[in-house]
Amino acid sequence: MNRAMTHQSQDSDLYTKLKIVLIGERGVGKTSILKRFTDDEFDSSRLTTIGVALKEKTVTWKRKSVKLEIYDTAGEERFRSLTPVFYRGTQGALIVFDVTDKYSFSKLDVWLNELNIFSTNPNIVRILVGNKIDKGERQVTVEECQKLAEQHQILYMETSAKTSSGVQQLFEVVVDKMLQTPGLWEKINSGRLKIGDRTPSCRPDWCNGMC
Ligand code: GTP
Ligand code: MG
């Protein structure tokens, strides 16, 4: 995988678009990981997400421009009523927990189950992400995390949105895996693009035309 994923501007030159969703308990750092990736910034204050926020970034993969549409969902239950709608057509999922918070690790089964129920792509690329590795007070060992990932046959990666450790690599890996999964995506061709299988039951008044 190329090391340099860079911004591009020309939509017309796009090779494809990919849809990624970030899920996990409240406060684990989903928004912070995304902010680090898209803006190379970190905010130490709480940034509670309400519903879903969309961020886009165009990256270069094997000298081709690929637009990422990244959906940052709320972890907090009361802000999640509509978020499963955004799983539909998703090609990549980052299931995030906080390595210093055992509770967020213990809830991973619930998040993985929800993803299985609502995602419509059987070949969706899933990565388990242990965040906040910069903090010294780890409550979950690397071995425990790897074991859970093995049980679910998914990849495990670690990040710190604060120091940026692992964040770029995380997105490089998910993009690489998605593009190497046959049938998961289609090339943009003569202006026509199919991203996964868009939801037939999508209600524009719910999703504001985003899903
Ligand atoms: P919800 O939107 O409520 O689901 O939370 P979230 O998962 O988006 O978490 P958010 O990014 O808002 O981060 C929660 C808190 O953790 C904030 O105070 C962040 O600054 C902090 N935080 C996030 N990532 C890291 C990290 O890698 N290291 C440290 N030390 N703090 C982090
Ligand atoms: Mg958030």
Side-chain angles (χ1 to χ4, degrees), residues 5 19-57 68-88 90 92-115 117-119 124-142 144-146 148-149 152 154-174 206-208 210-211:
M5 292 170 77
K19 182 176 170 182
I20 301 170
V21 70
L22 280 151
I23 59 172
E25 282 301 297
R26 62 190 284 263
V28 296
K30 300 177 294 296
T31 301
S32 302
I33 290 170
L34 187 52
K35 202 172 165 65
R36 174 59 79 191
F37 177 59
T38 55
D39 307 326
D40 200 15
E41 285 174 6
F42 176 75
D43 188 344
S44 57
S45 54
R46 277 300 315 266
L47 318 159
T48 307
T49 305
I50 296 170
V52 179
L54 169 65
K55 278 214 169 210
E56 295 182 335
K57 179 164 174 164
L68 307 181
E69 293 177 345
I70 310 167
Y71 291 81
D72 173 24
T73 67
E76 197 160 326
E77 189 63 44
R78 67 194 160 115
F79 298 138
R80 291 192 49 80
S81 55
L82 301 175
T83 54
V85 169
F86 292 86
Y87 292 0
R88 289 174 175 257
T90 295
L94 305 178
I95 307 107
V96 185
F97 70 99
D98 174 353
V99 298
T100 70
D101 173 15
K102 188 120 195 174
Y103 177 77
S104 70
F105 180 75
S106 73
K107 297 283 281 187
L108 286 170
D109 281 337
V110 176
W111 289 103
L112 285 161
N113 194 38
E114 183 171 302
L115 186 63
I117 292 169
F118 292 107
S119 75
I124 184 171
V125 173
R126 301 172 303 160
I127 302 186
L128 194 60
V129 183
N131 188 41
K132 305 199 189 182
I133 55 168
D134 60 282
K135 291 175 84 176
E137 53 248 47
R138 245 188 121 109
Q139 290 185 0
V140 196
T141 65
V142 175
E144 285 174 289
C145 304
Q146 283 171 338
L148 186 83
H152 289 276
I154 60 180
L155 286 170
Y156 176 60
M157 296 187 74
E158 298 203 331
T159 54
S160 165
K162 185 173 181 178
T163 66
S164 85
S165 172
V167 174
Q168 180 72 14
Q169 292 92 319
L170 171 66
F171 283 91
E172 287 180 0
V173 168
V174 73
W206 283 2
C207 73
N208 207 17
M210 287 197 291
C211 67

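Whatever order the structure lists ligands and atoms in, that order sets their numbers, starting from 1.
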Ligand 1 N/O within reach of [X] N/O, cut-off under 3.5 Å:
X   : result
V28 : yes
G27 : yes
D72 : no
T48 : no

If you compare K132, R46, K135 by their heavy atoms, the one closest to atom 16 (O) of ligand 1 turns out to be K132
Heavy-atom proximity to atom 27 (O) of ligand 1, best of A53, S45, A161: A161
Would the distance check show the side chain of [X] and the main-chain N or O of [Y] forming a donor-acceptor pair, the cut-off being under 3.5 Å?
X    : Y    : answer
R126 : A93  : no
K162 : D134 : no
R26  : E76  : no
T73  : L22  : yes

How about T49: does one of its N, O or S atoms come closer than 2.8 Å to the Mg ion (ligand 2)? yes
N, O or S of T31 under 2.8 Å from the Mg ion (ligand 2): yes
Using a 4.0 Å cut-off to any heavy atom of [X], which atoms of ligand 1 qualify?
X   : result
A74 : 4 (O)
F42 : 20 (O), 22 (N), 23 (C), 24 (N), 25 (C), 31 (N), 32 (C)
K30 : 1 (P), 4 (O), 5 (O), 6 (P), 7 (O), 8 (O), 9 (O), 11 (O)

CD/E25 to OG/S106 distance, rounded to the nearest 0.5 angstrom? 7.5 Å
Determine the sole option in V140, V28, T100 for which the side-chain contact (heavy atoms from CB on, under 4.5 Å) test with F105 is passed. V140
Quickly, which of D101, D98, V99 forms a side-chain contact (heavy atoms from CB on, under 4.5 Å) with R138? Name it, please. V99
Taking [atom] as the reference point, the nearest protein heavy atom with its distance:
atom                    : value
atom 12 (O) of ligand 1 : L47 N, 3.6 Å
atom 9 (O) of ligand 1  : G29 N, 3.1 Å
atom 24 (N) of ligand 1 : N131 ND2, 3.1 Å
atom 28 (N) of ligand 1 : D134 OD1, 2.7 Å
atom 18 (O) of ligand 1 : S44 O, 2.9 Å
atom 20 (O) of ligand 1 : D43 O, 2.7 Å
atom 13 (O) of ligand 1 : S32 OG, 3.5 Å

Over 60° means perpendicular and under 30° means parallel, so classify the ring planes of F118 and Y87, tilted if in between. perpendicular
Does atom CD (E77) have a neighbourhood of more than 12 heavy atoms from anything else shown, all under 6.0 Å? no
Quick one: do E41 and K35 make a salt bridge, cutoff under 4.0 Å? yes
Is it true that D39 and K55 make a salt bridge, defined as a side-chain N closer than 4.0 Å to a carboxylate O? yes
